[in-house]
Amino acid sequence: MTLTLGQIADWIHAEGDFDEDAKVVGYSIDSRTIGAGELFFAVRGERVDGHDYVGAALANGAAAAVVSMRWLRPETVDEKRLLRVPESESDCVLHSMQELAHRVRRAWGGRVIGVTGSAGKTTTKECVAAVLGARFNVLKTEGNYNNHFGVPLTLLRLQPEHEVAVLEMGMNHAGEIRALARIAEPEWGVVSNVAPVHLEFFPEGIEGIARAKYELVESLPADGLAILNADDERVAAFARGMGERAISYGTNERARVRGVVIEELGLAGTQCVVKAGGEACGLRLQLPGQHNVLNALAGIACGVTSGMELAACCAALEAMRPTSKRGDVVEWRGARVINDTYNSNPRALESMVEALKKTPATRRIVVAGEMLELGPQAEALHRSCGEAMTGIDAVVGVRGLARHLVEGALSKGVKAEFVETPEAAGEWLRENVREGDVVLLKASRGVRLERALEALGGE
Ligand code: ADP
């Protein structure tokens, strides 16, 4: 939102000799990409301190910089382009950015939809934005800008003409979603699922994770709506006491917005019928795997609740394609490689393997990297994913716990091999993949399994 420096300073209690009437046309924390007329926030990240880049940001055309004099070396910059914020906290510049985002959100006054969950946040957010985008002017989180930096930066992109903002909200610790909700004040909250990720920060286990996701529902206003995955028992339980304000989606009979799978089309997607409000509509989803059916249903639930026709919601989703590293297909020497290396979890891996089994191919190969942050069940979960590989022609387990996945596959008579690194997996593929094969690459982000693909080169 375009604001004057005077207005901004008033909202964040900043001082300085700046030109009160100067207009700010955008907001940034990166001096390298900052645009002319934007406001630079000198936030202190884990590795770098924005105060070291104030001079660079101003040289690159920033209108001004928000700083704490405690951290700034004053000789380096033009005093007349500084907004000095009170020095009460070590991350006071970040706090100011969050406060400004909150003020902008209030001044804008439209509907914010928060999206959270252990897995599928980005895809769910994309589905919600795709559906609502067919009817409304939607602002959405870019990429996974879903934390205490990304959420305020997204809100600061709000323009008066936006009608809805769809914001992804991530967390690693209890209290983080509540803090993001305080900034963004969502009226609607979408929760995709509760799964054992980031368990190391939740000594009470998965129930602690559920509690942390519930913070989004708790933060909704009295007339706010919770859009909840009815296929996930912990998420479904969030509806308790909400009555009509809870909108459930899923594949089971209780769901208000229900998807019935008619045919799995392998990696090409799923053919479903969606039922909502007494109507039914066909949906040919081109996103692979059954987990994406749920992500799509979340979008439809938001659409019909916004007054859209069911058919219009389905049409918007049919146009969606997998995004980078989330199931996009790369051709290599006449084989198709499914790059699903962005992340993994047992449920999504099994769902993608089922999709692979239904995909026409000479041979089907799974390269499965280890799945991180699964807590005490990790070994058993890897093993059972391996046991579910029957019907796959070859399995390569990559790194650490994937060893147990390989053992599980071998125990079912599936050809399987373990390698230590993504590069070694790339070598394996180079030697073994033939024309007509379909290869699924899937692993937790930390494994960086895309390096296997890079090792193949672009032949
Ligand atoms: P997030 O933003 O939560 O990391 P993404 O939408 O980026 O989630 O998806 C990351 C990976 O999570 C996907 O490649 C897929 O394997 C898995 N995933 C996506 N949607 C779901 C879902 N609804 N349930 C379980 N896993 C999912």
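When a residue number appears, it is its place in the shown sequence, counting from 1. Numbering of ligands and ligand atoms starts at 1, following listing order.
- Side chain of S248 to main chain of R256: a donor-acceptor pair is present (N/O by atom type, distance under 3.5 Å, no hydrogens or angles).
- Near ligand 1, residues S118, A119, G120, K121, T122, T123, E168, N193, H291, N295, R326, D340, Y342, N343, N345, A348, K442 come within 4.0 angstrom through at least one heavy atom.
- Between H173 and E176, the side chains place a donor N or O and an acceptor N or O closer than 3.5 Å (distance only, hydrogens not considered).
- In terms of modelled atom types and a separation under 3.5 Å, the side chain of D437 and the main chain of A361 share no donor-acceptor contact.
- With H102 contributing its side chain and Q98 its backbone, the two residues share no donor-acceptor pair below 3.5 Å.
- Residues meeting the ring-ring contact (aromatic ring centres under 6.0 Å, His included) test with Y214, sequence neighbours left out: F238.
- Checking S192 against N229 by side-chain atom types alone, no donor-acceptor pair falls below 3.5 Å.
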